[in-house]
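Step one of this worksheet: look at the structure below.
Remember, it's a predicted structure, so these values are computed and weren't measured experimentally.
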Amino acid sequence: MKRHLAWWGERALLVLVSVIVLFPIAWMFLTAFKRPRDAYSLSLDFSPTLQNFVTVFADPWNLGDMVLNSVIVATVTVLIAVPCASLAAYSFSRFRVRGRKFLFFLILSTQFIPAVVIVLPFFLMFRTLGLLDTRLALIVVNLAIVTPFVIWMIKGFIDAIPTDSEEAAMIDGASRLRVIKDIVLPMAAPGILTSSIFCFILTWNEFLFALILTRRDAVTLPVGLVSFRTERGDLWELMSAAGVMITVPIFIMALLIQKHFTRGMTAGAVK
Amino acid sequence: MADVRLVDIEKKYGNFLAVPQLNLTIEDGEFLVLLGPSGCGKTTTMRMIAGLEEITSGDIEIAGKRINDKPPKDRDIAMVFQNYGLYPHMTVRQNIDYPLKLRGVDRAARTRRVQETAEKVELEALLERRPSELSGGQRQRVALARAIVRTPSIFLMDEPLSNLDAKLRVTMRAELKHLHHELGVTTVYVTHDQMEAMTLASRIAIMREGRIVQLDTPKRIYSEPADLFVAGFIGSPSMNLIDGAIAGGVFTAPGVSFPVDQPDRDDVVLGIRPEDLEISTAPDAPVIGKLYALELTGESTLVTLRTGANSVCARGPADHEAEINAPCHFVPKPGARVHLFDRPSGHRLDGLSAKGQTL
């Protein structure tokens, strides 16, 4: 009986937490399909419409441009960060170089710096270079933010791979690079894929730098959301529709990697 | 095929000297076993031959060529690892094929050689499986097949049988021996299992703290251990080692008196193997004590008696029966070897003849 009670208590708690966490998201999804006059109503009784999605992609909002910016910035960041981080992670994991630990700490320490502290220097630098409001600037900044994290994450996966297979391959006749290509990368593939998606999500959701460094041409989705706060008030139904556009790809990716993700986090956690 | 020469090899990890000044020549076609307790430097020595570990100083030569600075892939060696080191994402066929593929062997020849090798180690039915779908023994065979597929000039084996269960280990041991006989490739084999070393080796190098204590054929290592360490390490059950002194041509310890052909001295250890002793009723037997334990091993009974601080073990007939604590006498068998060692240094005493004294 007592165990029964505990079982139900546990379930109730889980449901409660889920409701608290999911409520704002559910509300956003609902609002995205509401007409403007229903947006402030608490009633669930409304006639749904797709008009909001049509509106946000049309002039003056042009959400399509922002989607394109976000996709390009996130994709290019992943394509550069992950290969570089994989090689760096391999080196940190395998080579016993003097100062290795310090160097690794140095790279990780960049993660301790609050973004607000470095956003101004970045702004000044890009202004000097004439790169304000460009995707290139965003890619560079995102690389700086994301790469250390991805190195740390992939290193966790590579650490978990026993060196026996690598040494066997070297004796079988493979060079170091060949070993990485034939043995390490395939064995670390689930981890690298997880890290890639994680990296994509981080970049996709990045807000502060995109807000400061872009104005019109290179605006990404999270920053685009802000534009729905107008002189006519906050356009909640449009903002929600745009919010759905931001969240759905991430949801899908999270679903895809869910299985590897927990493993990835623990592999990274235990070092 | 080739010989291997290690000249003044040294390996340091920081300030820790793992292998000091090692010299060793492994003859062409020989099966050399590096034997020793864990941490004795045997694996380090092998890894230096493989090129997986840099040497701090000294020279390694394979077939007369200095290979210190060559990467593992250019040393023409194959290695079997303790944990197999298979490629988990490849099938058995791809695993065995990988060394050939890397060396640019053409496809037709590769297919043929993988097939031949798989047959040699009885893997032909498992070629399309992945390592995770194999048992320990099968994985060991894959590792072996991968090593022999391209007939290297030297085989290195790092405790290849230690992850197998006892029964399989004995089977695989015989297979390894047969394989070496068939291929005749110079082999260096690392183990801490003295039985493996005895059965497989042409010569055994017994290592301790990075040094080779004795390098000899299994037979001589068994019959003429160079010091107390080797005497205690080789043989199962291990040699009886009794502390005592020599006076008037007789080795004496509590309950033990052996006539020996040595000058008087203190601090002597007498060694005699259990299989060189037999149970007797003679009142003047050299070893007299009280029966401490009887252990039936199947083909014989291990009889242990206690006298003073010493336990002495003898291998008796399987049907031997007696009461615990009953008086018990051992006499050496005809032709038995008695070994004498210097206690402080551990060295063998009868160094003059370099032979165990035969009674």
List the atom pairs, donor and acceptor, that lie under 3.5 Å between side-chain atoms in residues 72-82 of chain A and the rest of the protein, sequence neighbours left out.
| unit_1 | atom_1 | unit_2 | atom_2 | d |
| --- | --- | --- | --- | --- |
| A/T75 | OG1 | A/V71 | O | 2.5 |
| A/T77 | OG1 | A/V73 | O | 2.5 |

* **B/L86 portion near chain A, given a 4.5 angstrom heavy-atom threshold** => backbone

* What part of A/A169 lies closer than 4.5 angstrom to a heavy atom of chain B: side chain, backbone, both or neither? -> both

* **B/R47 versus chain A, the contacting section by heavy-atom distance below 4.5 Å** => side chain

* Part of A/T163 within contact of chain B (heavy atom distance under 4.5 Å) -> neither

* Count the heavy-atom pairs under 4.5 Å between each of A/A174, A/G173, A/S175 and chain B, then report the option with the highest count. => A/G173

* Answer with yes or no after comparing the ring centroid distance for A/F198 and A/F149 against a 6.0 Å cut-off, counting only values under it. => yes

* **Closest-packed option against chain B by number of heavy-atom pairs under 4.5 Å, given A/D182, A/D164, A/D172** => A/D172

* B/E61 with B/K65: basic N within carboxylate O range, under 4.0 Å -> no

* Structure fact -> Counting heavy-atom pairs under 4.5 angstrom with chain A, the leader among B/H89, B/K101, B/R150 is B/H89

* Asked: Can the positive tip of A/K155 be found less than 6.0 Å from the middle of the six-membered ring of A/F104, inside 45° of the ring normal?
  -> yes

* Can a salt bridge be assigned to the pair B/R141 and B/E175 using a cut-off of 4.0 Å between side-chain N and carboxylate O? -> yes

* Side chain from CB out, backbone as N, CA, C, O: work out which of these in A/R176 comes under 4.5 Å of a heavy atom of chain B, or both, or neither. => neither

* Can you name the closest pair of heavy atoms from A/V244 and A/M28 and give their distance? -> N-CE, 4.0 Å

